[in-house]
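Would you mind keeping the following structure in view while I ask a few things?
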There are 2 protein chains.
Amino acid sequence: MGERVEWALHCCLNLAFLGPDDAVPAARLAAFHELPTAYLTKQLQALVRAGIAASVPGPRGGFRLARSPEQITLLDVVVAIEGPEYAFRCEEIRQRGPASGSSGRTQVACTIDVAMRKAELAWRQALAAQTLAEIAATVEHRYPNMPVRARDWLVVTGS
Amino acid sequence: MGERVEWALHCCLNLAFLGPDDAVPAARLAAFHELPTAYLTKQLQALVRAGIAASVPGPRGGFRLARSPEQITLLDVVVAIEGPEYAFRCEEIRQRGPASGSSGRTQVACTIDVAMRKAELAWRQALAAQTLAEIAATVEHRYPNMPVRARDWLVVTGS
DNA sequence: ATATCCTGGATATCTACTATCCGGGATATG
DNA sequence: CATATCCCGGATAGTAGATATCCAGGATAT
């Protein structure tokens with residue numbers, strides 16, 4: 001899994017600490033964790049396309065969450081960055097080779113594929129069961145001053 | 001996830017259809033699914049190093065399962081090929097940047113990392129819950145003649 | 001002795017991830 | 001209206017890992 005996922009998750013978490021209408025420029029969001037601005041911007045755009053974040057152009061613009069942290073799961077973010085494809089993709093090698101037979105076995109599922117998909121569904125369900133709000137609450141419980149610190153550094157207080 | 005995993009799973013399944021002492025040369029195992037012999041051999045060697053398969057050198061040699069299919073889980077095969085590392089690896093970007101603070105926060109777990117690991121554990125458990133024997137039984141139930149066909153083609157009958 | 005087969009290393013190719021840059025468009029501010 | 005700020009999309013490189021091949025050496029059955 002790409003490092004981009006970690007970037008996106010931390011950025012979403014930081015945005016979750018802010019007010020719903022506090023937009024943070026990509027450059028500031030990147031500087032907060034010393035990430036490359038241009039590349040992080042690509043990931044933020046992916047979050048926008050997925051409907052997780054929203055972008056505001058112009059001065060005092062930036063990125064904010066598109067919906068409340070309670071309605072954003074870890075799966076949402078992972079899928080937005082990595083794509084919806086399964087990590088294990090069945091290439092149907094069972095149908096190649098001398099013993100494949102010419103019968104129309106094509107339409108029946110591969111047993112190994114079914115088994116691997118079952119495991120990936122368990123992974124997806126575990127990701128979908130955890131929301132950004134829950135993560136934020138855990139962080140706030142363990143490090144009470146971190147949300148405050150993030151907000152103070154990220155938000156450009158109005159002139 | 002690499003295609004190698006699919007290759008390894010199908011090869012292990014084919015070996016599970018055979019007798020415990022029927023060794024199949026890598027070239028024949030590869031030809032069965034039209035896979036590149038040399039590269040498949042690398043994966044078979046990984047299975048040997050993991051203790052899943054055993055290799056027999058010399059004429060009438062080849063590869064066989066090192067233990068019974070009941071004792072081989074899908075997780076065993078996946079870990080043997082892909083390695084034991086987590087797909088999501090926390091780079092601790094939270095500790096970089098201006099707001100990280102110089103306090104000794106290093107030793108406490110990253111909340112996002114914990115959440116992602118929880119999901120991966122669910123995936124691993126789902127893989128560990130399925131054995132090669134169960135997969136083989138399902139295949140045999142749905143395609144009763146496939147194990148026979150695999151054995152007839154793979155095993156070089158004595159002289 | 002010989003043919004068969006695995007083992008390990010070296011090498012090459014290709015894809016996806018990481019990263020950067022730039023022109024264009026949108027918007028708040030004065 | 002002019003300008004500074006900021007997002008958007010495309011083009012472009014570099015790099016690491018996955019895919020793939022080849023060969024010399026070792027082990028073993030016949």
Side-chain angles (χ1 to χ4, degrees), chain A residues 1-8 11 15 21-31 33-50 52-64 66 78 80-83 85 87-89 91 93 154-159, chain B residues 1-8 11 15 21-31 33-50 52-64 66 78 80-83 85 87-89 91 93 154-159:
Chain A
M1 181 169 315
E3 202 177 344
R4 308 175 290 165
V5 173
E6 184 182 6
W7 300 358
C11 285
L15 291 178
D21 291 327
D22 290 330
V24 182
R28 183 165 287 260
L29 215 41
H33 288 312
E34 291 178 355
L35 304 175
T37 302
Y39 192 35
L40 176 65
T41 299
K42 301 293 189 192
Q43 318 315 323
L44 292 172
Q45 289 171 7
L47 294 176
V48 171
R49 282 191 295 271
I52 295 172
S55 60
V56 182
R60 314 198 50 76
F63 292 89
R64 59 175 178 81
V78 170
I81 301 299
E82 294 268 300
E85 306 84 19
F88 179 89
R89 59 179 176 140
E91 296 289 348
I93 64 172
L154 287 173
V155 174
V156 183
T157 56
S159 58
Chain B
M1 180 167 316
E3 203 178 343
R4 307 176 291 163
V5 173
E6 184 182 6
W7 301 358
C11 285
L15 291 178
D21 290 327
D22 290 330
V24 182
R28 184 164 284 261
L29 216 40
H33 288 312
E34 291 178 356
L35 304 175
T37 302
Y39 192 35
L40 176 65
T41 299
K42 301 293 190 193
Q43 319 314 323
L44 293 172
Q45 289 172 7
L47 294 176
V48 171
R49 282 191 295 270
I52 295 171
S55 62
V56 181
R60 315 197 51 75
F63 292 89
R64 59 176 178 80
V78 170
I81 300 298
E82 293 268 301
E85 305 84 19
F88 179 89
R89 59 179 178 138
E91 296 288 348
I93 65 172
L154 287 173
V155 174
V156 183
T157 56
S159 66

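Order of the sequence lines sets the chain letters (A, B, ...), proteins ahead of strands, with each chain counted from 1.
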query = Once you round it to whole Å, what is the distance between P of dA11(D) and CD of Gln45(A)?
reply =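 It is 15 Å, rounded to the nearest whole Å.
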task = Identify which nucleotide among dA4(D), dA18(D), dA19(C) has an atom closest to any side-chain atom of Tyr39(B), counting heavy atoms from C-beta outward.
result = dA18(D)
key: Interatomic distance, Phe63(B) atom CZ to Ile52(B) atom CD1 [nearest 0.5 angstrom]   = 13.0 Å
ask   = Within the structure, does a side-chain N or O atom of Ser55(B) lie under 4.0 Å from either OP1 or OP2 of dT7(C)?
value =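 Yes, within the criterion.
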ask   = How close or far is atom P of dA19(C) from atom CD of Gln43(A), stated in whole angstroms?
value =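 The distance from CD of Gln43(A) to P of dA19(C) comes to 10 Å, rounded to the nearest Å.
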task = When you get a sec, tell me which of dA26(C), dT18(C), dC21(C) is the closest nucleotide to the side chain of Pro57(A)?
result =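 When the side chain of Pro57(A) is considered, dA26(C) is the closest of dA26(C), dT18(C), dC21(C).
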inquiry  = In this structure, how many angstroms lie between the C1' atom of dT19(D) and the CD atom of Glu6(B), rounded?
reply    =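 Answer to the nearest Å: 14 Å.
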inquiry  = Rounded to the nearest 0.5 Å, what separates atom CG in Leu35(A) from atom CD1 in Ile93(B)?
reply    =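 Result: 5.0 Å between the selected atoms.
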ask   = Base, sugar-phosphate, or nothing for Ala26(B), non-hydrogen atoms under 4.0 angstrom?
value =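 Result for Ala26(B) = sugar-phosphate.
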ask   = Are Glu82(A) and Arg4(A) close enough for a salt bridge, meaning some N to O gap below 4.0 Å?
value =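 Judged by the 4.0 Å cut-off on N to carboxylate O distance, Glu82(A) and Arg4(A) do form a salt bridge.
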task = Would you kindly give the CD1-to-P distance between Ile81(B) and dG17(D), to the nearest whole Å?
result = 17 Å
task = Mind calculating the distance between CD (Glu3(B)) and P (dC14(C)) to the nearest angstrom?
result =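 Spelled out: CD on Glu3(B) to P on dC14(C) is 16 Å.
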request  = Kindly say if Thr37(A) contacts the phosphate of dT20(C), meaning a side-chain N or O under 4.0 Å from OP1 or OP2.
outcome  = no
ask   = Start at the 5' end of DNA chain D and walk down; is the nucleotide closest to Val48(A) or to Leu40(B) reached first?
value =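 Nearest nucleotide further toward 5': that of Val48(A).
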ask   = Nearest-Å distance, CZ (Arg49(A)) to P (dG10(D))?
value =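 After rounding, the reported distance stands at 9 Å.
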task = Working to the nearest 0.5 Å, report the span between CG of Leu44(A) and CG of Leu15(A).
result =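 It comes to 7.5 Å.
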query = More 5' along DNA chain D: Val56(A) or Lys42(A), using each one's nearest nucleotide?
reply =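 First, find each residue's nearest nucleotide; the 5'-ward one identifies Val56(A).
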query = Could you give the CG-to-P distance, from Leu15(B) to dC6(C), as a whole number of Å?
reply =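 Computing the Leu15(B):CG to dC6(C):P distance gives 11 Å.
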query = Atom CE in Met1(B), atom CD1 in Ile81(B): separation rounded to 0.5 Å?
reply = 11.5 Å
ask   = Any idea which of dA19(C), dC22(D), dA28(C) is nearest the Arg60(A) side chain?
value =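 My answer, after comparing the listed nucleotides, is dA28(C).
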Candidates dA20(D), dT7(C), dC8(D) - which lies nearest the side chain of Phe63(B) = dT7(C)
5'-most by nearest nucleotide on DNA chain C - Trp7(A) or Gly58(B) =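 Whichever sits nearer the 5' end wins; that is Gly58(B).
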Atom-pair distance (CG on Leu35(B); P on dA20(D)), nearest Å = 9 Å
